[in-house]
Amino acid sequence: MAVAEVKVIHSWSAPRSLSTSLMYSFAQRDDMDVLDEPLYANFLIITGFERPYRDELLSKMDSDGNKVIKDVIFGPGEKKYRYCKHIAKQRLPNLTNDLMKRGKHFILIRNPLNILPSFDKVASTSFTELGLDGLVSIYNELCDVGNPPPVIDAEDLQKDPEGTLRSLCHDLGIPFQASMLEWEPGPKPVDGIWAPWWYGGVHKSTGFKSLKAYPVTFPPALYDLLEQSLPFYKFLRRHVKQTPSSLQSSLPTLSLPVPANEKILVWVGDELVPRGDAKVSVFDSVVQGGDAVWEGLRIYSRKIFKLNEHLDRLFDSAKALAFINVPSCEEIKEAIFKTLISNGMFDNAHVRLTLTRGKKVTSGMSPAFNQYGCTLIVLAEWKPPVYDNSGGIKLVTATTRRNSPNSIDSKIHHNNLINNILAKIEGNLANADDAIMLDKDGFVSETNATNIFMVKKGFVLTPHADYCLPGITRATVIDLVIKENLILHERRISLSEFHAADEVWTTGTMGELTPVVMIDGRVIGDGKVGAITRRIQRAYKALTAESGELIPLNSGS
């Protein structure tokens, strides 16, 4: 007895995506009939594509797509549900929109790394043949009408068939049936005419095959097509619903310190890209050996504080490391401005500016392999000062020493920060905010991330810059100390002097001026932020409010 209105389930995929296996899975249900690519004849007539079975197919299948939609896809049937296996490229403009408006839809995806070699064994492939752009269009169209489709990945079907199918059935509003997990080998009555050409492998199966331990060799001739296809797959992959099994192997979803930074644009090379696409090549020198220089910039009231000073140091560092094909000062400024304006970051923001030696033609240490020029990265984030500048922080002394100019000069603001990271690890393990680093003779140099000052009997002292980075903020604070008519000494300072100091603070672009209230368990002064510290903080705040390079805006903005 025919059911008055069959509930239709539309499966959309690219070819060679385990779509036939999934069709066989749904065909095992006792409440489901299935249709294998019912719009195939319409596709061949409209596009003129050749197939070895074209004539036979057109003689046995209705090529009027809209008639098929009305009478076959949405026609009456004997089962409660009807499963329609569709290939995305077969959804053509001549078809009525009823196809998308009625029934429930889901999307099956598979990595082009696996699709392309499989497809190429049967027929020559192309971007049009794959139809991944059409799959993305179908997803976006369904989202636009408020009906975002579930997305499943063929790899998840192979890893965890039951978990993936249970999740899919739940999203489709149908009960899961255990019969979906296996089927008899061999051809099926539901197979399309094209089965002998395409279904040889699936006819040998009795369920979803486990993932192979190793992939097949990828044909070099398909490399360009892979590059074209991967962005579409990656877009859809981001919308795959995680099953309990896939969650075990995926990275955890973590909250960001500033949630607004989830959707930022980052300058990489010569363009702005979304955060998720902000990547450098594995051949880049910063990956190969930490071979890069960097600066930190802070934004106040639409102005970049001390921009020219930071760029001067960037160029000095790049020259000391013998970089070639370095972007000009104006080029770097333009990249910074474009990044900040595009993100709408005009206050309370921080820029991590990185210049790498660039991409290499092959992996290796020698700069002779760097033939592409430098890579510029402008990472702008919403970021308030990273320390407690009101109540103060605690420091411990690290056993890791600040590197000597005998090894690598700290005046080069380079990306080889392993010794700083090791010191920071010591600080973390001691539950301190940062760690003091000593020079080779045991005198205080700086912290793992900042320069350091102390006050004793009204005098301000700071370590000389032989072993520490001569920071831009450090130099600014030295000038402010002098302008405030305070006496400053720049000399070797022992750790015990810091322990006995009246006041201590650190300086850095990211943290500004940060009071220190404890070092190695010793309370600094009376354990409160000192008067001179507050005085210099106020002077620094006034300076940042009135100076800096203005971020340009388009006229009328």
Side-chain angles (χ1 to χ4, degrees), residues 10-26 36-37 39-40 43-44 47 49-53 84-92 105-140 149-161 164-165 168 191-192 194-205 207-241 246:
H10 303 276
S11 164
W12 296 97
S13 68
R16 313 306 283 177
S17 298
L18 302 189
S19 56
T20 305
S21 294
L22 193 56
M23 180 181 71
Y24 287 177
S25 171
F26 275 84
D36 191 4
E37 300 181 39
L39 296 170
Y40 206 153
F43 170 77
L44 292 182
T47 63
F49 276 35
E50 288 295 332
R51 294 288 190 269
Y53 42 82
C84 295
K85 171 191 156 190
H86 300 297
I87 303 299
K89 65 190 175 190
Q90 295 174 6
R91 195 271 171 118
L92 299 176
H105 300 258
F106 76 90
I107 288 175
L108 170 65
I109 60 173
R110 193 183 189 193
N111 194 322
L113 270 171
N114 299 317
I115 291 177
L116 288 168
S118 177
F119 194 101
D120 200 54
K121 289 179 182 178
V122 182
S124 60
T125 190
S126 67
F127 186 74
T128 303
E129 283 282 17
L130 290 180
L132 288 170
D133 55 335
L135 209 53
V136 171
S137 294
I138 289 168
Y139 176 84
N140 287 333
V151 182
I152 63 171
D153 195 310
E155 184 173 308
D156 294 330
L157 272 174
Q158 293 175 294
K159 286 181 180 177
D160 180 17
T164 305
L165 288 172
L168 176 60
D191 288 346
W194 47 91
W197 283 266
W198 296 97
Y199 294 177
V202 72
H203 282 166
K204 298 175 184 178
S205 70
F208 293 99
K209 293 181 179 179
S210 299
L211 283 170
K212 294 181 179 179
Y214 302 103
V216 299
T217 300
F218 190 84
L222 300 178
Y223 189 87
D224 290 347
L225 188 51
L226 176 66
E227 283 192 314
Q228 287 179 281
S229 305
L230 273 173
F232 295 93
Y233 166 75
K234 289 179 178 179
F235 169 82
L236 291 168
R237 178 66 194 170
R238 290 199 294 268
H239 300 284
V240 170
K241 182 178 180 180
S246 60

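Contact detail for Gln228 and Pro231: the closest heavy-atom pair is O-CD, 3.5 Å. Arg16 and Ile115 get closest at one heavy-atom pair: O-CG1, 3.7 Å. Pro117 approaches Leu222 most closely through the heavy-atom pair N-CD1, 4.3 Å. Nearest heavy-atom pair across Ser17 and Leu108 is O-CD2, 3.1 Å. Across Pro112 and Leu230, no two heavy atoms sit closer than the pair CD-CD2, 3.9 Å.
The aromatic rings of Trp12 and His105 lie parallel to each other, with less than 30° between the two planes, well short of the 60° mark.
Other residues, nucleotides and ligands contribute over 12 non-hydrogen atoms within 6.0 Å of the CZ atom of Phe127.
A heavy-atom distance below 4.5 Å is found between the side chains of Asp153 and Tyr233. Thr128 has its side chain out of reach of Lys89: every pair of non-hydrogen atoms, C-beta onward, lies at least 4.5 Å apart. The side-chain heavy atoms of Ile109 and Arg237, taken from C-beta on, include a pair separated by under 4.5 Å. Side-chain atoms of Gln158 and Leu18, non-hydrogen and from C-beta on, do get closer than 4.5 Å to each other. The closest side-chain heavy-atom distance from Tyr199 to Asp36 is below 4.5 Å. Between Thr164 and Leu168 the shortest side-chain heavy-atom distance does not fall below 4.5 Å. Residues Leu157 and Leu165 meet the side-chain proximity criterion, which asks for heavy atoms closer than 4.5 Å. Under the 4.5 Å side-chain criterion, counting only non-hydrogen atoms from C-beta, Phe232 is not in contact with Leu130.
For the atom pair NE2 (His86) and CD1 (Ile107), the distance works out to 12.0 Å, reported to the nearest 0.5 Å. For the atom pair Arg110 CZ and Ser13 OG, the distance stands at 11.0 Å (nearest 0.5 Å). To the nearest 0.5 Å, atoms OH (Tyr53) and CH2 (Trp198) are separated by 5.5 Å. Residue Leu132 holds its CG atom at 12.5 Å from CZ of Phe235, rounded to the nearest 0.5 Å.
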Apply salt bridge (Lys or Arg N to Asp or Glu O under 4.0 Å) to residues Arg51 and Glu129 and explain how you reach the verdict. CA-CA 12 Å; Arg51 294 288 190 269; Glu129 283 282 17; 2.9 Å; yes
Audit row: Thr47, Phe43, side-chain contact (heavy atoms from CB on, under 4.5 Å) steps and yes/no: CA-CA 6 Å; Thr47 63; Phe43 170 77; 3.7 Å; yes
When you look at Glu37 and Trp194, which way does the side-chain contact (heavy atoms from CB on, under 4.5 Å) test go after all the steps? CA-CA 10 Å; Glu37 300 181 39; Trp194 47 91; 3.6 Å; yes
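Remark: the backbone N or O of Gly134 is not paired with any side-chain donor or acceptor of Arg91 at under 3.5 angstrom. Under the 3.5 Å distance criterion, the side-chain polar atoms of Ser25 are left unmatched by any main-chain donor or acceptor of Ser21.
Inspection of the His203 and Tyr24 side chains reveals an N or O donor paired with an N or O acceptor under 3.5 Å.
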